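Heads up: the structure comes next, in structure tokens.
Small disclaimer: the values here were computed from a predicted structure and weren't measured. Proteins come first, then strands; the chains are lettered A, B, ... in the order of their sequence lines, and each starts at number 1.
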Amino acid sequence: MGETGQAQLASAARTDAQPAIILDRVNKWFGALHVLRDVSLQVAFGERVVVCGPSGSGKSTMIRCINRLETHQEGRIIVDGIELSEDVKALDAIRREVGMVFQSFNLFPHLTVLENCTLAPIWVRRMPKREAEALAMHYLERVRIPEQAKKYPGQLSGGQQQRVAIARALCMKPKIMLFDEPTSALDPEMIKEVLDTMVELAETGMTMMVVTHEMGFARQVADRVVFMDRGEIVELGTPDQVFNNPQTERLRLFLSQILRGH
Amino acid sequence: MADTTTRIQLETAVARVPGEASAPRKPPVTATGFLGWLRANLFSSWINAAVTLVLLYLVVRWVIGFVEWGILNAVWSVPAGQTQACREVQGVGACWAVVTEKHRFILFGTYPYEEHWRPALVCALFIGLYVVSAMRRFWNWTLVPIWTVTLTVIGILMWGGVFGLPYVPQERWGGLPITLILATFGLAFAFPLAILVALGRRSQLPAIKAICVLYVELIRGVPLISLLFMASVMFPLFLPEGVNIDKLLRAQIAIILFAGAYLAEVVRGGLQALPKGQYEAAEALGLSYWQKTGLIILPQALRLVIPPLVNTFIGFFKDTSLVLIIGIFDLLTAGKTAIIEPAWQGFGVEVYIFVGFIYFLFCYAMSKYSQNLEAELNRHRRR
């Protein structure tokens, strides 16, 4: 499958009026704790959105609501035109179209790298094994670790594991990719290889929603940056607007902390 | 990383002879080999040396005593029913003659003597079934027909009544086949039941969860013996007249239910040990509940609990001997019955050693196999 073809598909979808993700006044509580407060956001197909904010601001919870790893209690979430509800069929359809990359990789340790990648295409997409393996090798080459295909995740470095996790998600040919702090668990020298992979993915026109504190990455690929604090979307704009021209004291404080940390 | 190692090596080398790496030396002889081991572990101080010598003396004396009793002074066979020779050496020598004489009764109970080849073949089939099932090569759907066919053949052999085999009622079965039947069917049904119950206990559906909790707590809360009594005495009272479920089958069901409750808790332990991320990754990929459970969760969870699982298996293999209480003729009951005969009274030790040895063979095989399996299945965790 050509990358240009995919890019064309994505740009064709971009002109489509239907957004990839719609969050409409979403509310969520953990017990009595109000973790998402009237969160509303639309993400278009082909758009790259970076979500940042202090820890406990609800950014991970928000992204996890999108494929229902967490359930929201009020408001609506519509992904690829399908509304999230108790309906299991709708959920299955959404999860097939939405790939997710986790902070802690969450590769399956008892399966080889190749088996990690072919599992879902074979069982969920009902793809023949041979075809699934060819697809997996294609994406493993794209994240530049085809030579590790026969190894087990435990034999790889953190950066390699995270790249396998990205390849695994891509093997389902998702329309949308969610990244939940993909580099937070990595040693500094491995962050770059994962970010490079994500930049390349962004260049193919993939719709991406990324929770991260990597400001360089945000500036390089994000169409829009969302700043969250205490369960609310506080600011929303281009990387330039958000990082260079913060409107609120909360964002200014956050940015100063981030910059000091780096 | 590589940098620091090189630097340290360089510094060390510099400290010794400038510009020259020192040649590796052999460790001192006293620290290696058998002598080194002896020195370090048994004779490291005067007290340790003294304890070692005293224990060595006791072990040697016990071994000599056992060899004298069990081999040198032992009586291996006597003319049929003439236990005179045995009586003469009682106390100083073992009477293995009781085993020689009674082994077929101990192994096969009251099964018709001239048909003993049938239970013998059944035992061999069971062992063959274990060996085949233990091989990872067969861990796929082929096991289903293998088990079905083998168990059918075992049933035909035991009951007979077809293919010119005389019919043997279940009341006459006994000995090792009974033990193997109870253990094999018991664990083969209890294990899948346990997995379902363990999953059910973690279910989000309150009714399923409640049933599973109730089952585990109720069954675990009573002794196996009381369950066996219930199965053999109480249960028939509730059946409509004329319906009679075989006593062995009732005991078998009691054992399955009991083992299931225990194994369920072992399996649940494995399920709980898995990080939440594994569940989430499987769900995010769109796997259904059963795909997630069968492909991701159970393969990992069961590997984690191989030691307690086999521990429970071994425990239940031996617990099948409790059916003695309700008069089912398993291996241990057969052994006990063999020495009731007046001529052989007083030779219980030899019979129990023989029976114990058979139990040990099966349990030790399970234990060894589980160690290999654990090492093999956890290979992926090595770096």
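In this structure, A:N106 contributes its side chain and B:Q278 its backbone to no donor-acceptor pair below 3.5 Å. The closest donor-acceptor contact from the side chain of A:H110 to the backbone of B:L295 lies under 3.5 Å.
Among A:L91, A:L119, A:D92, the residue making the largest number of heavy-atom pairs under 4.5 Å with chain B is A:L119. Ranked by heavy-atom pairs shorter than 4.5 Å toward chain B, the options A:V88, A:L178, A:L107, A:V124 are led by A:V124. Note on A:M172, A:R168, A:M100: by heavy-atom pairs under 4.5 Å with chain B, the leading option is A:R168.
The minimum heavy-atom distance linking B:A281 with A:F108 is given by the pair CB-CE2, 3.9 Å. Of all the heavy atoms in A:P109 and B:Q300, the pair that sits closest is CG-OE1, 3.1 Å.
Heavy atoms of A:F102 lying under 4.5 Å from chain B belong exclusively to its side chain. Contact of A:V101 with chain B is not made at all, since no heavy-atom distance falls under 4.5 Å.
The environment of CH2 in B:W141 is sparse: at most 12 heavy-atom neighbours from other residues, nucleotides or ligands sit within 6.0 Å. Atom CH2 of A:W123 is surrounded by 12 or fewer heavy atoms from other residues, nucleotides or ligands within 6.0 Å. Residue B:F138 places its CZ atom among more than 12 non-hydrogen atoms of other residues, nucleotides or ligands, all under 6.0 Å distant. A:R76 CZ: 12 or fewer foreign heavy atoms inside a 6.0 Å radius. More than 12 non-hydrogen atoms from other residues, nucleotides or ligands lie less than 6.0 angstrom from CD of A:Q73. Counting heavy-atom neighbours within 6.0 Å of B:Y215 OH, excluding the residue itself, gives a total above 12. In this structure, A:R130 places its CZ atom where only 12 or fewer heavy-atom neighbours from other residues, nucleotides or ligands lie under 6.0 Å away.
Between B:E280 and A:R64 there is a salt bridge, with a side-chain nitrogen of the basic residue lying less than 4.0 Å from a carboxylate oxygen of the acidic one.
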